[in-house]
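Worth knowing before you read on, the calculation uses all heavy atoms, side chains too, and leaves out hydrogens, waters and symmetry mates.
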Amino acid sequence: YLASKYLNETGRKIGKLLRVGKGSNANVIRKHNDYNIQKKILIWGIIGGILLIIIGFVYEVMFAGIPYQDPTPLMIQKFNFHKTIAIKIESFGLIIMLISLLGIIVKKFIAHLKKRKV
């Protein structure tokens, strides 16, 4: 009972925040807010991906650095360990950024098709 009461109150608060009311404009406002939220998520995905790429690069420079000329086996092991972490961070950032870019392209293409249909 308490959980459903809490969820009901939270839903009303979110509805007020999104300015979703009852009536004929409610669906239009809801669709507009959904579109803006999706757009913001995709843009933040691109920004987050770029930040992860930069963080991976900084990590690589700080911890892996330039390979040694005549390294000991321990130095090679440390270098490879840090290089692998940096590559994983950069790859994850690139994947997030590309997925977000693909999402934006798909959204624009769908919007173009909807305009063409009407």
Side-chain angles (χ1 to χ4, degrees):
Y1 172 74
L2 290 175
S4 65
K5 183 179 177 184
Y6 176 75
L7 286 174
N8 199 7
E9 289 174 15
T10 306
R12 277 194 226 121
K13 288 177 185 175
I14 291 172
K16 286 179 185 176
L17 285 174
L18 297 176
R19 288 180 268 140
V20 176
K22 296 178 181 173
S24 61
N25 281 340
N27 288 335
V28 174
I29 294 171
R30 198 173 283 128
K31 285 180 184 177
H32 181 68
N33 284 332
D34 288 347
Y35 180 79
N36 283 338
I37 291 171
Q38 290 170 356
K39 187 177 174 184
K40 286 179 185 177
I41 289 172
L42 292 173
I43 289 172
W44 278 108
I46 292 172
I47 292 170
I50 291 171
L51 284 175
L52 280 174
I53 291 170
I54 292 170
I55 289 169
F57 178 74
V58 170
Y59 182 89
E60 185 176 353
V61 169
M62 287 179 65
F63 293 102
I66 300 170
Y68 302 104
Q69 278 185 328
D70 194 19
T72 63
L74 180 62
M75 293 168 89
I76 292 172
Q77 186 181 6
K78 280 178 73 175
F79 175 79
N80 288 339
F81 173 75
H82 290 296
K83 184 78 170 174
T84 303
I85 291 174
I87 288 173
K88 286 181 182 178
I89 293 170
E90 293 166 350
S91 300
F92 189 63
L94 183 66
I95 289 168
I96 289 174
M97 187 180 73
L98 290 176
I99 288 172
S100 297
L101 279 172
L102 183 66
I104 287 174
I105 291 169
V106 167
K107 281 185 73 58
K108 294 219 182 240
F109 183 70
I110 290 172
H112 177 71
L113 289 178
K114 285 183 179 179
K115 275 185 183 177
R116 217 167 169 202
K117 242 182 192 178
V118 175

Name each donor-acceptor pair under 3.5 Å that joins a side chain in residues 41-57 to protein atoms two or more places apart or in another chain, with its distance.
none

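Residue F79 is found outside any hydrophobic cluster, as its side-chain heavy atoms come under 4.5 Å of no other Ile, Leu, Val, Met, Phe, Trp or Tyr. Counting side-chain heavy-atom gaps under 4.5 Å among Ile, Leu, Val, Met, Phe, Trp and Tyr, the cluster of I99 also holds I95.
By the criterion of side-chain heavy atoms lying less than 4.5 angstrom apart, applied directly or through intervening Ile, Leu, Val, Met, Phe, Trp or Tyr residues, F81 is not grouped with I87; the two fall into different hydrophobic clusters.
Legend: side-chain hydrogen bond (donor to acceptor under 3.5 Å, both in side chains) pairs involving residues 92-101, not counting sequence neighbours: none detected. Sorted by first and then second residue, the salt bridge (charged side-chain N to carboxylate O under 4.0 Å, His left out) pairs with a member in residues 90-100 form an empty list; sequence neighbours excluded. Within the structure, salt bridge (charged side-chain N to carboxylate O under 4.0 Å, His left out) pairs that include any residue of residues 51-62 comprise E60-K83 (at least two apart or interchain). Applying the side-chain hydrogen bond (donor to acceptor under 3.5 Å, both in side chains) definition to pairs two or more places apart or across chains, none involves residues 63-77. Applying the salt bridge (charged side-chain N to carboxylate O under 4.0 Å, His left out) definition to pairs two or more places apart or across chains, none involves residues 47-57.
Listed by chain and number, the residues in a ring pair (Phe, Tyr, Trp, His ring centres under 6.0 Å) with Y59 are F63, H82 (sequence neighbours excluded). By the side chain to side chain contact (heavy atoms under 4.5 Å, CB included) test, I110 is found to be paired with V106, K114, residues two or more places apart in sequence or in another chain being considered.
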